[in-house]
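Have a look at the structure below before the remarks.
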Number of protein chains: 2
Amino acid sequence: MPKITRAAKAPGPARLAGANPISTPRRAKGTPAPSNPVGARARRSAERRDAILAAALDEFSARGFAATRLDDVARRADVAKGTIYLHFADKETLFQELIRVEIGPVVQVLEIASHTDMPLRQVTDRLIEVFVREVFETRRKDVIRLILTEGPRFPALAEFYYREVISRVMTTIRAMLRRAHERGELRTDALVRFPQLLPAPGIVAIIWSGLFDRFEPVDVRAMMRAHFDMLLAPGSAP
Amino acid sequence: MPKITRAAKAPGPARLAGANPISTPRRAKGTPAPSNPVGARARRSAERRDAILAAALDEFSARGFAATRLDDVARRADVAKGTIYLHFADKETLFQELIRVEIGPVVQVLEIASHTDMPLRQVTDRLIEVFVREVFETRRKDVIRLILTEGPRFPALAEFYYREVISRVMTTIRAMLRRAHERGELRTDALVRFPQLLPAPGIVAIIWSGLFDRFEPVDVRAMMRAHFDMLLAPGSAP
DNA sequence: AAATAATGACTGACCAGTCAGTCAAATACG
DNA sequence: CGTATTTGACTGACTGGTCAGTCATTATTT
């Protein structure tokens, strides 16, 4: 009965990016190399697919899932509406694929960045930079906002996101924190028990920016630094 | 052109609650109540209005603004669709009024609770209890989730919420924290500069519960306690 | 009886998804 | 090589269904 809530078909082989870690594989208008890595036809087709995804991100993040018109997505991607259905089964699949393509690559970066035994403070400094530069200042911020805002009405999306992102991220962070705790860099095991508290200011900043930035902007970087300063022990008194 | 994104008429004089602190005020419409206790007719009308608001909360928080059908709201409220339009100008007004009625009264509680010179730890303990009992374990949690999820596409809502809630809450919290800092209960002024960090775990918990509770529930109370423990200085060793 | 409240069938706009038809690229053939 | 044939990506008008908002009619007060 509900239009949005249905479970959507199996995620399939998840044709993500395979190789590079962070950058989204945007092969925007590559000049048609006539000899071929791939036939000119397939290339053009892939370009279109990307254009549709890009347009979809714009529309979905401006209007939300339910209120987005595929006619608008098509117009923005400079494509006929029917073309969308050659690449994606339906509106919902398009939405899910969008999330998958944008978010997938980021997790690996985090996993690599935090799988180290540098002092916690150094790791967090690096994480702040990665977060600000690769998420907060890019369209990925909008993707995350989309997950937060559409997720509650999108069980399939929430589940995918939990499986592919949250559980991995949480595991990684928890392990990192446990090691830091054993090294005496944390006053309590509170962070180990509630790893959500580490990224909390990032989440809050994303929400805040979507709602209240025009009234009172936040300095994410400074806020995250301040937060981490409080969470980490004074590092054995001077 | 967009259906949802339009700016909505001026919020008006914000006829909120006046008197009691926490419980939602029934009888929003200015009931003259001249002679008898309350005209049976007016009372019935007010009941309907409330029923509509209650039903609207259910539907909106289950489906989101755009995907909610007023036919469903009407059915759930046991009322004909036309009746909704006797009480609210349109779908958007209904939505805004819902937020207004549910959230208005809570702010006062916070303002009162934190306008004290108890030790910060005691205040926060009390705030945790209030938050958990009056927000997290009630439908107000859903209202807040609605603001977070629909706000980005609802400039008028975000503005109302900023003016009536956020700015007041932030001012109150900031003042409280400044006093605590002057009393030496805080290690740094970080919290004074970023008061958002105090309620951060509450926000995160609300989002988390809407997305991932079925995979991995959070203990809000414990998480907030853990968080506050880290933020507050070790309170002059015992 | 007049006034007020409530109803629910109806309208018109809107939009996801379809499909018969078009055409450029790929392939087969002379 | 040039020409004929096939393929399949792409198009956009169209359909069927949905739903916000209206209003003539009916019910309930006073």
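Lettering follows sequence order; numbering is per chain, from 1.
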dG8(C) phosphate, OP1 or OP2, under 4.0 Å from K81(B) side-chain N/O: no
Contact summary for L146(B) and R153(A), nearest pair of heavy atoms: CD2-NH2, 3.6 Å
Earlier contact from the 5' end, DNA chain D, for Y85(B) and R44(B): Y85(B)
Aromatic plane relationship, F215(B) with Y162(A) - under 30° parallel, 30 to 60° tilted, over 60° perpendicular: parallel
Contact under 4.0 Å: R48(B) side-chain N or O vs dT7(C) OP1/OP2: yes
Residue R214(A) excluded, over 12 heavy atoms near CZ under 6.0 Å: yes
Interatomic distance, I84(A) CD1 vs dG12(D) C1' [rounded to whole Å]: 12 Å
Sugar-phosphate, base or nothing in reach of L70(B), heavy atoms under 4.0 Å: sugar-phosphate
Spacing of D90(A) atom CG relative to dT18(C) atom C1', expressed in whole Å: 13 Å
Value rounded to 0.5 Å, distance of CZ in R69(A) from NZ in K91(A): 9.5 Å
N or O in side chain of T83(A) less than 4.0 angstrom from dT11(D) OP1/OP2: yes
side-chain N/O H87(A) vs dC10(D) OP1/OP2, d < 4.0 Å: yes
Separation of dA20(D) P from R75(B) CZ (nearest whole Å): 12 Å
Between C1' of dC15(C) and CD of E59(A), the distance in whole Å: 14 Å
R139(A) and E102(A) ion-paired at < 4.0 Å: no
Gap between atoms CG and P, on D72(B) and dC19(D) respectively (whole Å): 8 Å
Rounded distance (Å) that lies between atom P of dA20(D) and atom CG of D71(B): 7 Å
Nearest-Å distance for atom pair CZ/P, residues F88(B) and dG21(D): 14 Å
Interatomic distance where CZ belongs to F65(B) and P belongs to dC19(D) [whole Å]: 14 Å
Closest to side chain of R69(A), choosing from dG21(D), dA16(C), dA6(C): dA16(C)
